[in-house]
Amino acid sequence: MNFEYFIAKRIISEKETGKKISRPIITIAIIGIVLGLAVMILSVAIVTGFKTEIRNKMIGFGSHIQIINYDSNNSYETQPINKNQDFLPELKTIKGIRHYQVFAIKAGMMKTKEAVQVVVLKGVGQDFDWSFFEANLIDGEVISLHDTALSNDIVISNFIAKLLQLKVGDKVTMYFAQSPPRARRFTISGIYETGLEELDRVFALVDIQHIQRLNDWDENQVSGFEILIDNFGQIDAYKSEVTEVAGYEFFEDGSRLKIQSIKDKYPQIFAWLNIQDTNVWIILGLMVIVAGFNMVSGLLIIILERTRMI
């Protein structure tokens, strides 16, 4: 038997009346250390899970990486690019890119008899990955898209549905401030809710052909490409690889493409998420101090009680 273990066991299991005074104190110290470790584990798990959930919701709306026109600003009126790009075959060869898809966006005003709400339409095609919105769908179904027919269905958020008092199957009109002004009538096919109100209150999904027609684009013109990757932790490395493939090519009109990650698009949200790490370190530091104090105080009590034996 290990000598140190033998001595420790004899000390803990001492049954002499005079030696029992340290037992409750040691028990309290052990409980304090256990609670401190539990709080540390829970704090790390909760903050990590929270950050992952928010991050996944952001990616669901905007993907990991976007390829857009370099002249596109932060508004929702984008400059189109051609969806038949020479770099697409090479993009498929990058290991870790699991999917890419085209998209187009346009802002408008959704109006009912009860209220008015500014909404950003995100036009999607047949290649769109619906897994995120299907997971967050609370009523109805996603849009069924076809090459031959234009779909008038729209998927809106529960926030917009409650605000405008809409439900699945209702028809709603959207108005677009352009020259000349235009309007489109949609039928609500599905309602989603992600819990991220900042984006829920803005985005609705429609057939990309609506955006192309509203902007007077041809069928090959889109706002850009969205790229989904396997490992978010390597997003900066993937952005660099995509930039090498598509970011340095100039077109005949002198324009070029811009590659931006979801962190570039929403820097304020990801900066806020990074601040959460500071909270974790503070909690860990406090718990280490408390646990260390409990350990030291418990050992001192044992030493003082066993001074004669020592």
Side-chain angles (χ1 to χ4, degrees), residues 44 47-76 78-105 120 122-136 194 196 198-199 202-203 205 208 211 220-251 255-277 280:
V44 172
V47 172
T48 302
F50 173 76
K51 290 178 60 178
T52 301
E53 189 68 18
I54 296 297
R55 186 183 69 202
N56 290 341
K57 292 180 187 298
M58 300 298 298
I59 293 168
F61 280 101
S63 73
H64 292 92
I65 300 171
Q66 288 187 348
I67 302 176
I68 57 176
N69 191 295
Y70 195 85
D71 293 332
S72 297
N73 51 36
N74 291 326
S75 74
Y76 293 110
T78 60
Q79 296 295 322
I81 64 174
N82 195 306
K83 69 177 183 180
N84 300 315
Q85 297 288 340
D86 296 334
F87 61 78
L88 292 178
E90 189 174 354
L91 197 65
K92 294 179 181 179
T93 64
I94 298 178
K95 186 178 181 181
I97 292 181
R98 58 183 171 86
H99 183 69
Y100 68 85
Q101 58 203 17
V102 296
F103 75 99
I105 56 174
V120 176
K122 180 175 182 178
V124 298
Q126 287 183 300
D127 59 349
F128 186 71
D129 184 355
W130 285 101
S131 57
F132 171 75
F133 287 96
E134 287 176 336
N136 291 280
T194 67
L196 196 62
E198 183 173 343
L199 297 180
V202 174
F203 282 99
L205 290 90
I208 194 172
I211 311 299
N220 291 322
Q221 289 182 302
V222 296
S223 292
F225 297 88
E226 293 182 331
I227 299 174
L228 299 173
I229 62 177
D230 292 325
N231 185 0
F232 179 84
Q234 300 294 322
I235 189 170
D236 293 329
Y238 282 110
K239 177 187 173 183
S240 297
E241 286 193 60
V242 174
T243 301
E244 289 289 336
V245 171
Y248 300 115
E249 181 179 355
F250 285 87
F251 301 114
S255 64
R256 54 179 291 197
L257 299 177
K258 178 171 71 174
I259 288 78
Q260 64 177 10
S261 68
I262 192 69
K263 295 194 297 184
D264 299 328
K265 189 173 183 180
Y266 299 104
Q268 68 283 2
I269 293 181
F270 283 91
W272 169 66
L273 290 177
N274 289 333
I275 292 175
Q276 305 307 311
D277 292 335
V280 174

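Count residues from 1 along the sequence.
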What I'd like to find out is whether the side chain of [X] reaches to under 4.5 Å of the side chain of [Y], using heavy atoms alone.
X      : Y      : value
Ile269 : Met58  : yes
Ile94  : Ile97  : yes
Leu199 : Tyr266 : yes
Leu205 : Phe133 : yes
Phe232 : Asn56  : no
Lys83  : Gln221 : no
Val102 : Val124 : no
Ile81  : Asn69  : yes

Measuring from atom [atom1] of [X] to atom [atom2] of [Y], what distance do you get when rounded to the nearest 0.5 angstrom?
X      : Y      : atom1 : atom2 : answer
Ile54  : Gln276 : CD1   : CD    : 9.5 Å
Phe132 : Leu228 : CZ    : CG    : 11.5 Å
Asn136 : Trp130 : CG    : CH2   : 12.5 Å

Point to revise | Residues in side-chain contact (heavy atoms from CB on, under 4.5 Å) contact with Gln101, at least two apart in sequence or another chain | key: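 Partners of Gln101 under the side-chain contact (heavy atoms from CB on, under 4.5 Å) test: His99, Asp127, Phe128, Asp129, Glu226.
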request  = For Glu53, enumerate each residue passing the side-chain contact (heavy atoms from CB on, under 4.5 Å) test, keeping only those at least two apart in sequence or located in another chain.
outcome  =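 With neighbours one apart ignored, the set is Lys57.
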* Kindly confirm or rule out a cation-pi arrangement of Arg55 over Phe270, judged by NZ or CZ under 6.0 Å from the six-membered ring centre and within 45° of its axis? =>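 Relative to the ring axis of Phe270, which defines the angle, Arg55 lies outside at least one limit.
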Go through the structure and list residues passing side-chain hydrogen bond (donor to acceptor under 3.5 Å, both in side chains) with Asn231, not counting sequence neighbours.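 With sequence neighbours excluded, Asn231 shows a side-chain hydrogen bond (donor to acceptor under 3.5 Å, both in side chains) to no residue whatsoever.
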Closest heavy-atom contact between [X] and [Y]?
X      : Y      : result
Phe103 : Val222 : O-CB, 3.6 Å
Thr78  : Ser223 : OG1-OG, 2.8 Å
Ile67  : Phe87  : CD1-CE1, 3.9 Å

- Lys/Arg-Asp/Glu bridge criterion (N-O < 4.0 Å) met for Lys95, Asp230: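 Looking at Asp230 together with Lys95, the answer is no, because their closest N to O distance does not fall below 4.0 Å.
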Taking the side chain from [X] and the backbone from [Y], do they hold a donor-acceptor pair closer than 3.5 Å?
X      : Y      : value
Ser63  : Ile59  : no
Ser261 : Ile65  : no
His64  : Ile229 : yes
Glu244 : Ser240 : no

Inset, instruction - I would like to know whether Leu257 and Ile68 meet side-chain contact (heavy atoms from CB on, under 4.5 Å); could you show each step before the answer? - result: CA-CA 6 Å; Leu257 299 177; Ile68 57 176; over 6 Å; no
Original post:
Taking it one step at a time, do Lys92 and Tyr100 satisfy side-chain contact (heavy atoms from CB on, under 4.5 Å)?
Top reply: CA-CA 9 Å; Lys92 294 179 181 179; Tyr100 68 85; 2.9 Å; yes
**Asked** Which of parallel (below 30°), tilted (30 to 60°) and perpendicular (above 60°) describes Phe203 and Phe61?
**Response**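 Phe203 and Phe61: tilted rings.
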Is it the case that Asn220 and Asn82 place a side-chain donor and acceptor less than 3.5 Å from each other?
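Judged by distance alone, the side chains do not pair up.
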- Message: For the CD atom on Glu198, are there more than 12 heavy atoms of other groups (residues, nucleotides or ligands in this structure) within a distance under 6.0 Å?
- Response: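 No, not enclosed.
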